[in-house]
Amino acid sequence: MPELPEVETYRRFLDEVVLHQPITAFEVRDAHVLGTDEETLRQRLVGQHVTGTRRIGKNCFLELSDGSALALHFGMTGDVNAYRHDHDAPRFTRVALHLADGMRVAFIDPRKFGRIRHAESVDHYQKDKRLGPDALEVTATHLQQRIGTKKMMIKPLLLDQGITAGLGNWIVDEVLFQARIHPERRGNTLTTKEFTALHSAIQLVLSTAIGHEATYRHFPASFLIHAREWDDSATPGTEQHRFCPRHPKTEIEKSYVGGRATYICPRCQPAPIEAE
DNA sequence: CCTCATGTTACTCC
DNA sequence: TGGAGTAACATGAG
C-alpha cells in the first residue's frame, strides 16, 4: 500500500540490507515491472554497490557507486523484502537483487503497476518525471502558490505529484479531515489560514504514519482512516469506525471525488456552496 | 459471477 | 492551455 509512509519504511529497510554490498546478479522473474531495458539494468547494476538511499514522494532510490541511481516505484501493490535462498523468495517477487553477502532483495508486486528504472541521477529522474518537492519538505507558502490559483478541486490538486510528491488517496482524505477542509473545495477559494492548516495536517499525518511504520491500526483514534472499509481495527458488529472521531453521532460519508473513493465527516468538512 | 482497489498515464472532449 | 471525465494497466480479495 505504498504511499509516502510505506515507501519511507521500505527505504529504511533497504538502507539496512543493501548498503555497501556489491551487487552480484540482477534476477528478473517478470520483465513487466522493468521501466528500463533488462540488459541495460544488469549492465549498470552488477559489480556496483549502493552508496545510499533516497526518497522523493512515493519514489525510492538506490544510489549507485557510479553516481547513477536505481529508481523504484511501487505502484499500488509493491513491496520489498529480503531472503537468502531461492526457495524462500516471497510470492509475487518480480525482480531480485543478489548481494555479495548472500542476501537477496525482492521487489514484490502482485499487480505489476510498479516500475524499476535506471536514472542517471536522482535529480535527473525528478525533472524527467516532473516530481514536485517531497510532501515532508513542502511549505504552506509553496502550497498556496501552487494551489491557490487553481480552479480545480483541492483533492485532485493534493494528489498531483507535480505540486507535492507523496500524498496518495487515503492520506489526502486524512489530511483534509484533519485540516477540516472539504475535498471539493476549489483551490482558489482556500484562505491563507486554511493553507497553514493544510501544511500542519500534512506534517501530522505523515509523521504519525511514518512513526507507526504505516501500520494503520496503530494510528490514533482521532484519525479518519479507521472509517475506511479495509481498516481491520474495528471489531465487527460494533460499527464504531463508521462515525467521526470528533462527532460520535455523525456518520462518515463515502463518495467519489475526481473518480477516487473519498471519505469525509460532513460536520468537520462543510461542502462548498454551489455558486459563482 | 461481480465489484472494488492504495497509482499513474494517456486519451478524449469542451 | 486548462480542466473534467474516463479507460487502461494486471491481478487479488471479498
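Convention: sequence-line order gives letters A, B, ...; per-chain numbering from 1. Below, all heavy atoms of this structure are taken into account, side chains as well, without hydrogens, waters or symmetry copies.
- Atom pair A/F113:CZ and B/dT6:P shows a separation of 11 Å (rounding to whole Å applied).
- For the residue pair A/H142 / A/T164, no side-chain donor-acceptor distance below 3.5 Å is found, with atom types taken as modelled.
- Following rounding to the nearest Å, A/L158 (CG) and B/dG7 (C1') show an atom-to-atom distance of 16 Å.
- By the criterion of a centre-to-centre distance under 5.5 Å and near-parallel planes under 30°, the ring of A/F74 forms no stack with the base of B/dG7.
- With 3.5 Å as the limit, one finds no donor-acceptor pair spanning the side chains of A/E120 and A/S68.
- Nearer the 5' end of DNA chain B, as judged by each residue's closest nucleotide, is the contact made by A/R111, out of A/R111 and A/L159.
- Contact annotation for A/R260: base contact, defined as any heavy-atom pair under 4.0 Å involving a base atom.
- The phosphate of B/dA5 (OP1 or OP2) has a side-chain N or O of A/K254 nearer than 4.0 angstrom.
- Atoms CG (A/L167) and P (B/dT8) sit 11 Å apart, rounded to a whole Å.
- Taking atom C1' on both nucleotides, B/dC1 is separated from C/dC9 by 22 Å, rounded to a whole Å.
- Taking the six-membered ring where tryptophan is involved, the planes of A/F61 and A/Y125 are perpendicular, since the angle between them exceeds 60° and thus also 30°.
- Between A/Y256 and the phosphate of B/dA5, there is a side-chain N or O to OP1/OP2 separation shorter than 4.0 Å.
- Evaluation of A/W170 against the base of B/dT6 yields no stacking contact (centre distance < 5.5 Å, interplanar angle < 30° required).
- Rounding to whole angstrom units, CE of residue A/M153 and C1' of C/dG3 are separated by 10 Å.
- A salt bridge does not link A/D30 with A/R111: every distance from a Lys NZ or Arg NE/NH1/NH2 to an Asp or Glu carboxylate oxygen is 4.0 Å or more.
- As rounded to whole Å, 11 Å separates atom C1' of B/dT9 from atom CZ of A/R115.
- Between the CE atom of A/M76 and the C1' atom of C/dA8 there is a distance of 13 Å, rounded to whole Å.
- The partner of B/dT6 cannot be assigned: no Watson-Crick or G-U wobble pair with both contacts below 3.5 Å exists in any strand.
- The same atom, P, is picked in B/dC11 and in C/dA10; the two are 15 Å apart, to the nearest Å.
- Neither side chain, A/K129 nor A/N59, offers a donor N or O lying under 3.5 Å from an acceptor on the other.
- Set against B/dT6, C/dC9, C/dA4, the side chain of A/M152 has C/dA4 as its closest nucleotide.
- Between A/N59 and A/A261, the residue whose closest nucleotide on DNA chain B is further toward the 5' end is A/A261.
- Listed pair A/H73 / B/dG7 fails the phosphate criterion, with no side-chain N or O lying under 4.0 Å from OP1 or OP2.
- For the pair A/R186 and C/dA4, the criterion of a side-chain N or O lying under 4.0 Å from OP1 or OP2 is met.
- Residue-to-nucleotide proximity on DNA chain C shows that, of A/R94 and A/G259, the 5′-proximal contact is made by A/G259.
- Atom CD1 in A/I171 sits about 17 Å away from atom P in B/dA5, given to the nearest Å.
- Look at A/Q161 and you won't find any side-chain N or O under 4.0 angstrom from OP1 or OP2 of B/dG7.
- Of the residues near DNA chain C, A/K151 and A/G258, the one whose nearest nucleotide (by heavy atom distance) lies more toward the 5' end is A/K151.
- A straight line from CG of A/D109 to P of C/dC9 spans 16 Å, rounded to a whole angstrom.
- Listed pair A/K58 / B/dG7 meets the phosphate criterion, a side-chain N or O lying under 4.0 Å from OP1 or OP2.
- Checked options A/L70, A/D15, A/L19, A/T51; the residue passing with A/L62 is A/L70 (criterion: side-chain contact (heavy atoms from CB on, under 4.5 Å)).
- Aromatic ring orientation, A/F219 versus A/F223: perpendicular (interplanar angle above 60°, classes split at 30° and 60°).
- Across all strands shown, A/F92 has heavy atoms under 4.0 Å from sugar-phosphate atoms exclusively, and none from any base.
- Look at C/dA10: it lacks any Watson-Crick or wobble partner with both distances under 3.5 angstrom.
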